[in-house]
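Notes follow once the structure below has been shown.
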Amino acid sequence: MSSSSVQSTHAIDVEWVRGQFPSLQQTVNGHQAIFVDGPAGTQVPQRVIDAITSYLLHDNANTGGVFATSERSDEMIAEARRAMADFLNSAPEEVVFGPNMTTLTLGISRAIGRELAAGYEIVLTVLDHDANYSPWKALEERGVVIRTVDIKEADCTLNMDDVRAKISSRTRLVAVAYAANSVGTVNNVHEVVRLAHSVGALAFIDAVHYAPHGPIDVRALDCDFLACSAYKFFGPHIGILYGKAKHLEHFRPYKVRPAHDNIPDRWETGTQNHECLAGVTAAIDYLADLGKHSAPDANSRRAALVAAYANIQHYERTLAEKFVVGAQAIPGLRLYGISEPARFDQRVPTFSIRIEGRSPEELARYLADRGIFTWNGNFYAINVTERLGLESSGGVVRIGLVHYNSSEEVDRLLAALREFASRA
Ligand SMILES: Cc1ncc(COP(=O)(O)O)c(C=O)c1O
């Protein structure tokens with residue numbers, strides 16, 4: 001689709017988008033590579049690479065100095081925080097940077113755990129990545145009781161009756177994924193936050209898997225904490241934790257004495273990955289530019305980001321429908337999760353599949369030889385593969401579409417799946 005053929009206000013100019021991502025041009029065994037490995041990390045636009053290079057070339061220094069490169073580094077970090085605040089709809093001082101979501105979650109869970117006495121409860125879910133499970137489960141060593149919400153096996157959605165049953169007056173925190181990195185389900189996080197708050201518990205949202213697919217608005221969610229990772233939304237390898245200012249002030253981090261005690265600095269242990277912070281701003285500005293294609297009058301970065309995600313959601317849905325209709329026609333292919341297109345507002349285009357009689361690894365290798373990059377296994381969503389009885393036989397193959405994937409790529413992917421299945 002070229003820019004001249006963009007008609008709908010929600011259209012994505014795929015040619016422009018793909019032109020932004022130089023790594024998409026790679027070939028494998030003569031095949032143009034198809035990156036459907038996005039749930040484990042997306043590709044980055046050229047401007048992210050340029051921002052990282054430029055930082056290292058011109059501004060490389062530690063923070064808080066009185067000389068030019070240090071002052072520029074301080075300003076660059078402040079801008080990354082403003083960009084992330086626009087991305088999340090938070091205040092800049094509510095944005096904490098760190099190495100990745102897992103490390104940030106381990107840090108905040110330790111600090112929250114300090115205040116939890118034996119007998120208090122934390123509610124977790126089967127649908128979550130282990131980074132939003134094990135850090136909380138570790139608090140069992142303090143006598144905290146973990147209650148784990150089940151899924152509905154038929155469509156791999158969260159069992160909301162079970163959420164209601166597990167939350168009680170003893171609950172102190174509910175941790176839930178915005179979207180499942182295994183089967184793509186988008187959880188009703190607004191309702192989970194409401195239920196948590198109804199008993200005075202904190203709500204922690206893992207938005208890592210949702211962030212490349214939909215807009216995040218921490219104010220509308222009213223969540224207490226939310227974590228995500230820039231490398232899943234077209235940026236570099238860095239993690240982000242949002243916390244309501246009052247919580248970042250109240251809870252006590254494990255920190256070294258000379259480090260500042262103001263927020264958010266008190267939560268940012270040690271020296272940050274400055275070059276990647278420069279890349280975070282560039283990734284967010286890329287998304288804002290994408291939004292301006294359909295909303296040239298967007299008068300703020302936040303407004304442009306909201307427009308970008310409307311386009312992304314609309315476009316991804318067309319890819320998802322094409323993939324699911326094609327996949328369901330393949331004999332022996334089983335798709336886990338929501339499969340009716342009418343319900344695709346409850347999922348992101350991340351699909352876990354198996355082909356009867358063949359291992360996920362065999363399928364992933366077959367696709368890889370044809371330049372199609374997928375993941376096989378459990379992707380650390382081990383509660384899900386265990387719950388579905390798939391863990392001992394190699395888990396699933398995960399196909400994760402994002403807005404830089406094209407309709408032609410979905411055709412090639414389906415053709416390869418058909419060919420593999422016909423040989424099974
Ligand atoms: C849903 C989800 N949560 C958490 C994580 C962990 O993120 P990080 O690699 O930033 O620690 C991942 C990574 O795959 C994920 O998909």
Side-chain angles (χ1 to χ4, degrees), residues 35-44 80 84 87-88 95-110 124-138 148-149 151 156-158 174-187 189 192 203-214 216 221 223 225-242 267-269 272-273 276-277 279-280 283 336-337 347-352 373-385 387 395-402:
F35 290 82
V36 281
D37 61 333
T42 49
Q43 301 305 302
V44 299
M84 238 4 259
F87 188 82
L88 299 170
V95 172
V96 177
F97 289 115
N100 48 57
M101 177 276 183
T102 306
T103 307
L104 286 165
T105 305
L106 281 164
I108 195 77
S109 62
R110 295 314 77 208
L124 307 175
T125 93
V126 164
L127 208 46
D128 271 78
H129 184 284
D130 213 57
N132 201 26
Y133 191 83
S134 287
W136 306 111
K137 186 153 168 62
T148 306
V149 172
I151 54 170
C156 297
T157 57
L158 207 57
V174 181
V176 65
Y178 208 142
N181 71 316
S182 50
V183 288
T185 311
V186 174
N187 292 321
V189 282
V192 176
F204 182 100
I205 297 179
D206 171 3
V208 171
H209 192 64
Y210 186 74
H213 302 293
I216 297 171
L221 287 167
C223 54
F225 298 97
L226 180 143
C228 57
S229 296
Y231 76 95
K232 312 277 192 177
F233 61 85
F234 321 108
H237 290 87
I238 212 157
I240 301 108
L241 173 73
Y242 156 81
W267 296 96
E268 293 184 343
T269 316
Q272 297 295 305
N273 187 332
C276 282
L277 289 176
V280 167
Y336 297 88
R347 68 140 53 249
V348 293
T350 299
F351 300 102
S352 276
F373 303 161
T374 63
W375 282 99
N376 62 288
N378 62 38
F379 337 112
Y380 284 25
I382 189 163
N383 284 333
V384 179
T385 49
R387 172 66 176 80
V396 288
V397 167
R398 179 178 66 181
I399 290 159
L401 301 166
V402 293

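These figures come from a predicted structure and were not determined experimentally. Remember, it's 1-based here, ligands and their atoms both numbered in the order they're listed.
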Subject >> Those residues that, when tested against A203, pass side-chain contact (heavy atoms from CB on, under 4.5 Å) (two or more places apart) >> reply: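 Counting only residues at least two positions away or on another chain, A203 forms a side-chain contact (heavy atoms from CB on, under 4.5 Å) with V193, A196, H197, D224.
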Original post:
What residues form a side-chain contact (heavy atoms from CB on, under 4.5 Å) with L226, not counting sequence neighbours?
Top reply: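 Result, side-chain contact (heavy atoms from CB on, under 4.5 Å) vs L226: L88, I205, A207, I216, V218, L221, C223, Y242.
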Original post:
Do the ring planes of F35 and F373 sit parallel (below 30°), tilted (30 to 60°) or perpendicular (above 60°)?
Top reply: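 F35 and F373: perpendicular rings.
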**OP:** Please assess L401 against V36 for the test side chain to side chain contact (heavy atoms under 4.5 Å, CB included), listing each intermediate value before the final yes or no.
**Re:** CA-CA 5 Å; L401 301 166; V36 281; 3.6 Å; yes
Run the side-chain donor-acceptor check on residues 375-382: report pairs under 3.5 Å with partners two or more places apart or on a different chain.
from	atom 1	to	atom 2	distance (Å)
N378	OD1	Y380	N	2.7
N378	ND2	E391	OE1	3.3
N378	ND2	E391	OE2	3.2

Original post:
Exactly which residues line ligand 1, taking a heavy atom under 4.0 Å from it as the test?
Top reply: N100, M101, T102, H129, A131, N181, D206, V208, H209, S229, Y231, K232
Original post:
Would you say the side-chain atoms of T125 pair up with the backbone N or O of D128, donor to acceptor, closer than 3.5 Å?
Top reply: yes
